[in-house]
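Below is one structure; the comments refer to it alone.
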Amino acid sequence: MNPFQHLAAPIAAAYPGLEPDDIGFGPPPNLELGDVAVHLFQAAKKLRTAPAKLAAALAGADLGPRVIEAQAAGPYLNLRVDRAAFAREIVDAILASGPCFGASGLGAGKRALIEHTSINPNASPHIGRARNAMIGDSLARLFRFEGFDLEVHYYVNDIGKQIGLLVLAAADREDLAFDQILRLYVEANARAEADPEFAAQGFDLLAKMEEGDPDTRARFRKVVDLCLRGQLGVLGRLGVAYDCFDYESAYLKDPRLDPVFEALRAKDALFVDDEQRLVVDLVKIGYPQQKRDAGRFFVLMRANGSSMYGYRDLAYNIDKEGRGADLNLVILGEDHKTYQRQIAQILDNAGHRAPEAVYYAYILLKESRDSSDSTKMSTRQGNVVLLSDFLDQATALAAARVAEQCHDLSPEDQRTIAAQVAVGAVRFSVLRVSPNKNVMFDMEANLSFTGDTGPYIQYSCARIQSILRKYGKELPQIPAEEFPLTTDAEWALLLKLADLPNVVAGCLNQRTTSPVAQYALETARLFTTFYHECPVLTAETPALVQARAQLCAATRQTIANALYLLGIEVPERM
RNA sequence: GCCCCGAUAGUUCAGUGGAUAGAACGAGGCCCUCCUAAGGCUUAAACGCAGGUUCGAUUCCUGCUCGGGGCGCCA
C-alpha cells in the first residue's frame, strides 16, 4: 500500500514516456516542508532533464484535488495535501486488513523450507546459539506472513565424535538430567584430550552406531532426546517452534550420494590420501584456487571408514532439496561460511542445488557499561549467558513491575505478561541488529526495559489498549466520513503506519527481519509523541474522539503485526 | 599468509548516491491536579584513515588501519 501512488498518475500523464512508477513518494525530512515529498530523480533521468527543473514545472501544474499546495525545493517537490482524506484511507486499510496488514502476498502459491537452530545436543542454549533460532524463527514468521507454505526443519546432530564421547560418559548414569549434560560433555571432551584410550572408546562406540547396532543406537537416542527435549523447552519459551526433526543418523550411507561421488570421480576430484582418508579436491570442480590451498580439500571419511559431518550433510541437503520447495533456506553462523561454500560446490558439481544460506555473526558479551571491551561466549569456559538464565532474571524483574501495575490481575495473567516482556527484551535486542554484525549483549541494559527495547514497544501497545478500554463502547472498524486527523503528530504517525508493507517486502527480499525491529520502535516512538500531544478520550469533538481512537487501534494493529514477525507478543496491560 | 564480514556520538544500535545523519544508554537541567513515569521535554556529543568514480559519497570502488569469522580428519 502506498496511499500516495495515485498522486503519481496526473504527473505521469503530463509527460509522455513517464510511468507512475517512476515517481516515488516519501516523508519529507520534516513536516514544515510539506506533508509528502515527491522524489523526481528517476523521472528526471528518464526525461533527460534536471530534477530541479522538473520540480519547478510541477509546482505550477494541477496535481489533483487532494493536493493543496506544491512547492519545489531544489530537486524535490513538496506537497501540502488533504491530510484528513489520506488519514481516513490509511486507517481504513489497516483496520480492514487486521492481522494481515503489512503483507503483500509475495509468497502466495509458493512452498518454502527453512532449517534453523540445529544446535548440538550438548547443553542448554546460550544467547549466542539462540541468535540462530531467533533469526530463523523470525524469518519463518515473515515467510508465512507473506503467504508461503512453509516447513521449519531442525537438523538433530545425533551422531559424531562429540556425541559419542558424551554417550560414553553417560553410560552408567541412569538418572541423568538435562542440566547435568553440559558438565558431562565438557568433562568427556577434556578426558578424551588427555586419555587416548577413552577417545578410542568413543570412536569405537561411534563406529558401532554407524554400523547400526540397535543397542548403541538406543543409547545415543536416549541421551540425544533428553538433551533435545531440554533445549526445545528453553527455545519454546521464546516462542520458537519446528515442524520437522531430521536426525543426522538417518543420513549415513545414503545411496543418493552415489551419483555425487560419480560426478566427483568424473573430474578426478575424489581421492584416498596417503593416510587412507577419503578426500575431495574442490579445486578440480571449480572451487577458487587460493594461497596455501586454503579450503581446497574436504574430508568425507576417516581412515577407519567412519563418516565426517560433511558426508552426512551432503545427503541431508539432497534430502531437503527433494522436498521440492521453491525456496530452500538454511540459517548458519558465519563460522560455517567456508564450509557451506564447499558443500555447495560438491552439490553443484552433481547437478544439485544447495540451499540458500543466511549467515549471522556472533554475539559477544559486553564487559562493562562504558567500555567497548567484550568477550566471546564459550560454553566450555563457562562465560556465557544462558538463554534460560536471562529469561528467568528478566521474568522476575518484569513480574515485580507487573505486580505493581496490574495487581488486580490474576497471578496467572501476571506471569503471562512477565514472560512476554522477558521474551520481548531478548528477541528485540538480538533481532534489531543487522545479522552480519556482531551483537554486543549487555545484560544490564537488556534487563532495564527502558529506552530502545522490546518492552518499550510493548508498553506503547499497553497504553493503546488502556485508551481503547476506556473508550468504553465498541469501536467501528470503518472510519466515519468526518475524520479530522490533521495535526503533525497524527500525520507523522500515519505516514509511518502506511510504510509497513514496504518494510516487510524489503525484508523478504533481503532475508532479514532487523528492519522490522527498527520499524516497530520508530512507530512506537511516533505513537508516544501523538499520545502526549493529542488527547484521545477528551478530544474536542465526538468525531475527533472516534477518529483518534481508530488511529490508536490501527497503530496497535500495525505494531502487533510487526512484533509478530519478531516473535514478540503484545500484552493487553503491563 | 590468504579468503569473507564489519567500522557512524563516551557506549549500544539505526539510516541514506542527494534537503539540518536518526534513536537509546550514560552525563547536565526539567515534567506525574494531564487517556499507564516501563513515559515525556531539554542541553552537549558521531560517519576510522587516504585516494578514486560522481553535478553530488557517510553510502559505490581501491588501498591502509583496527575488530570479528574462516582456511583437510569438530559439528
Side-chain angles (χ1 to χ4, degrees), chain A residues 28-30 33 37 39 41 50-51 73-76 78 118-120 122 157 159-163 189 248 273 275 277-282 288 290-304 306 308-310 312-313 333-339 341-342 359 361-362 364 366 368-372 374 376 398 401-402 405-406 421 429 432-434 436-442 444-445 448-453 455-456 458-460 462-471 514-515 517-518 521-522 525 528-529 531-539 548-549 552 573-574:
Chain A
N30 75 59
L33 293 168
H39 297 259
F41 292 102
Y76 296 93
N78 294 319
S118 304
I119 41 188
N120 288 339
N122 61 19
N157 306 127
I159 195 163
K161 178 180 153 190
Q162 271 139 355
I163 301 304
N189 276 285
E248 189 180 345
D273 74 0
E275 289 171 58
R277 304 170 287 215
L278 186 63
V279 181
V280 180
D281 181 349
L282 294 164
Q290 289 169 22
K291 296 270 174 73
R292 294 192 186 187
D293 285 340
R296 174 171 180 173
F297 297 106
F298 190 85
V299 177
L300 288 173
M301 265 187 213
R302 299 184 178 93
N304 70 359
S306 67
M308 299 284 292
Y309 178 78
R312 284 132 20 207
D313 200 26
E334 63 179 347
D335 52 332
H336 287 243
K337 252 182 184 170
T338 303
Y339 165 81
R341 254 176 231 146
Q342 294 172 321
Y359 299 102
Y362 282 8
L364 306 176
K366 200 159 149 58
S368 74
R369 201 59 195 258
D370 295 318
S371 90
S372 53
S374 62
K376 284 178 257 181
R401 292 301 298 276
V402 172
Q405 298 286 333
C406 313
V421 170
S429 72
R432 77 178 183 126
V433 181
S434 301
N436 52 353
K437 289 193 188 181
N438 290 106
V439 172
M440 289 291 165
F441 196 82
D442 182 340
E444 195 189 333
S448 76
F449 307 149
T450 63
D452 286 357
T453 62
Y456 171 86
Q458 292 171 309
Y459 181 68
S460 68
R463 285 174 143 183
I464 293 175
Q465 294 291 17
S466 174
I467 292 173
L468 295 178
R469 270 194 306 276
K470 289 185 177 164
Y471 179 76
S514 63
Q518 195 63 26
L521 183 62
E522 286 164 4
R525 292 234 166 260
T528 305
T529 303
Y531 178 86
H532 285 285
E533 290 184 8
C534 305
V536 177
L537 302 174
T538 57
R548 283 183 175 164
C552 284
R573 293 180 51 184
M574 64 183 275

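Every chain is numbered from 1, with letters handed out A, B, ... down the list of sequences. Both backbone and side-chain heavy atoms feed into the values below; hydrogens, waters and symmetry mates do not.
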### Query
Side chain of S372(A): nearest nucleotide among A75(B), G69(B), U11(B)?
U11(B)
### Query
When you measure from the side chain of Q342(A) to the backbone N and O of G295(A), does any donor-acceptor pair fall under 3.5 Å?
yes
### Message
Measuring only the C1' atom in each nucleotide, how far is A37(B) from C47(B)? A whole number of Å is fine.
### Response
34 Å
### Query
Applying a 3.5 Å limit to both distances, which nucleotide forms a Watson-Crick or G-U wobble pair with G72(B)?
none
### Message
Regarding S434(A), tell me which of base, sugar-phosphate or nothing describes its non-hydrogen contacts under 4.0 Å with the strands shown.
### Response
sugar-phosphate
### Task
Quick one: label E248(A) by what it contacts on the DNA or RNA (base, sugar-phosphate, nothing), any heavy atom closer than 4.0 Å.
sugar-phosphate
### Query
So what does G74(A) touch, heavy atoms closer than 4.0 Å: a base, only the sugar-phosphate, or nothing?
nothing
### Task
First locate atom OG of S374(A), then atom CG of D442(A), and finally report the distance between them rounded to the nearest 0.5 Å.
11.0 Å
#### Entry: For N120(A), side chain to side chain contact (heavy atoms under 4.5 Å, CB included) partners two or more places apart
N122(A), N157(A)
### Message
Does the protein touch nucleotides 42-49 of chain B at the base, only the backbone, or not at all? Give it as B, S and - per nucleotide, heavy atoms under 4.0 Å.
### Response
--------
### Query
Using the C1' atom in both, what is the distance from A23(B) to C3(B), to the nearest Å?
36 Å
## Note on the structure
Side-chain atoms of R432(A) come closest, of C13(B), G72(B), A19(B), to C13(B)
### Message
Taking side-chain hydrogen bond (donor to acceptor under 3.5 Å, both in side chains) as the definition, give me every residue that meets it alongside S371(A), ordered by chain and number, with sequence neighbours left out.
### Response
S368(A)
### Query
Using a cut-off of 4.0 Å between protein heavy atoms and nucleotide atoms, how would you tag nucleotides 30-38 of chain B 5' to 3' with B, S and -?
-----BBSB
### Query
What distance separates H39(A) NE2 from Y76(A) OH, expressed to the nearest 0.5 Å?
6.5 Å
### By side chain to side chain contact (heavy atoms under 4.5 Å, CB included) - contacts of A549(A) (at least two apart)
L468(A), Y471(A), L475(A), V536(A)
### Message
Could you tell me how far A75(B) sits from G48(B) if I compare only their P atoms? Round to whole Å.
### Response
41 Å
### Those residues that, when tested against V439(A), pass side chain to side chain contact (heavy atoms under 4.5 Å, CB included) (two or more places apart)
R131(A), I363(A), V433(A)
### Task
Give one of base, sugar-phosphate or nothing for Y339(A), where a contact means two heavy atoms less than 4.0 Å apart.
base
### Query
If you check every side-chain atom of L33(A), which of C5(B), A75(B), U20(B) has the closest atom?
U20(B)
### Query
How long is the line joining CD of Q342(A) and C1' of A75(B), in whole Å?
13 Å
#### Entry: Rounded distance (nearest 0.5 Å) linking atom CD1 of I163(A) with atom NZ of K161(A)
12.5 Å
### Message
Tell me the interatomic distance from L521(A), atom CG, to G39(B), atom C1', rounded to whole angstroms.
### Response
14 Å
### Query
In whole angstrom, what separates D281(A)'s CG from G72(B)'s C1'?
11 Å
### Message
Between U58(B) and C41(B), how many Å separate the two P atoms, rounded to a whole number?
### Response
30 Å
### Task
With heavy atoms under 4.0 Å as the rule, sort A303(A) into base, sugar-phosphate or nothing.
nothing
### Query
What residues form a salt bridge (Lys or Arg N to Asp or Glu O under 4.0 Å) with E334(A), not counting sequence neighbours?
none
### Task
Determine the interatomic distance between P on C34(B) and the same-named atom on G28(B); round to the nearest Å.
29 Å
### Query
Between R573(A) and V402(A), is any pair of side-chain heavy atoms under 4.5 Å apart?
no
### Query
Looking only at side-chain N and O atoms, does R302(A) come under 4.0 Å of OP1 or OP2 in G72(B)?
no
### Query
Mind checking who C49(B) pairs with, Watson-Crick or G-U wobble, both distances under 3.5 Å?
G63(B)
Are any protein N/O atoms closer than 3.5 Å to N/O atoms in nucleotides 6-10 of chain B? If there are, list each pair with its distance.
unit_1 : atom_1 : unit_2  : atom_2 : d
A7(B)  : OP1    : K437(A) : NZ     : 3.1

#### Entry: Partners passing side chain to side chain contact (heavy atoms under 4.5 Å, CB included) against D281(A) (at least two apart in sequence or in another chain)
F271(A), V283(A), K284(A), R296(A), F297(A)
### Task
Taking side-chain hydrogen bond (donor to acceptor under 3.5 Å, both in side chains) as the test, write out the residues that go with N304(A), two or more places apart.
S306(A)
### Query
What does D442(A) touch in the nucleic acid at a heavy-atom separation under 4.0 angstrom: a base, only the sugar-phosphate, or nothing?
nothing
### Message
Suppose we define a pair by two distances each less than 3.5 Å, Watson-Crick or G-U wobble; what does A27(B) pair with here?
### Response
U43(B)
### Query
Could you give the CE-to-P distance, from M440(A) to G68(B), as a whole number of Å?
9 Å
### G69(B) pyrimidine/purine six-ring stacking with Y362(A), under 5.5 Å and 30°
no
### Query
With a 4.0 Å cut-off on heavy atoms, is N78(A) in touch with a base, just the backbone sugar-phosphate, or nothing at all?
base
### Non-hydrogen side-chain atoms of P535(A) and R548(A) separated by less than 4.5 Å
yes
### Task
Report the glycosidic orientation of G72(B): syn if within 90° of 0, anti in every other case.
syn
#### Entry: Assigned partner base of U58(B), Watson-Crick or wobble definition, under 3.5 Å
none
### Query
In terms of ring plane angle, is the pair Y309(A) and Y339(A) parallel, tilted or perpendicular, where the classes change at 30° and 60°?
tilted
### Summary
Picking from C71(B), A23(B), G68(B), the nucleotide nearest the side-chain atoms of A294(A) would be C71(B)
### Task
Syn or anti for C32(B), please, going by whether the chi angle lies within 90° of 0.
syn
### Summary
The salt bridge (Lys or Arg N to Asp or Glu O under 4.0 Å) partners of R302(A) (sequence neighbours excluded) come to none
Heteroatom pairs (N/O) under 3.5 angstrom, protein to nucleotides 55-65 of chain B:
none

### Query
Under the 3.5 angstrom rule, does the side chain of T453(A) hit a backbone N or O of Y456(A) as a donor-acceptor pair?
yes
### Message
Under 4.0 Å, counting only non-hydrogen atoms across every strand here, what does P75(A) touch: a base, just sugar-phosphate, or nothing?
### Response
nothing
### Message
Taking only the C1' atom of each, what is the distance from G51(B) to A44(B) in whole angstrom?
### Response
34 Å
### Summary
The answer to which of D452(A) and L364(A) contacts RNA chain B further toward the 5' end, by nearest nucleotide, is D452(A)
### Cationic tip of R401(A) above F449(A) ring, under 6.0 Å, 45° of axis
no
### Query
What is the nucleic acid contact for V439(A), judged by heavy atoms within less than 4.0 Å: base, sugar-phosphate only, or nothing?
sugar-phosphate
### Query
In whole Å, what separates the P atom of C35(B) from that of A27(B)?
28 Å
### Summary
Pairing partner of G22(B), by Watson-Crick or G-U wobble and under 3.5 Å for both distances, is C13(B)
### Message
From C-beta outward on M308(A), which listed nucleotide comes closest to its side chain: A19(B), U12(B), A75(B)?
### Response
A75(B)
#### Entry: Nearest-Å distance once atom C1' is located in both A46(B) and U12(B)
13 Å
### Query
Going from CG on L300(A) to CE on M308(A), what distance comes out if it is rounded to the nearest 0.5 angstrom?
8.5 Å
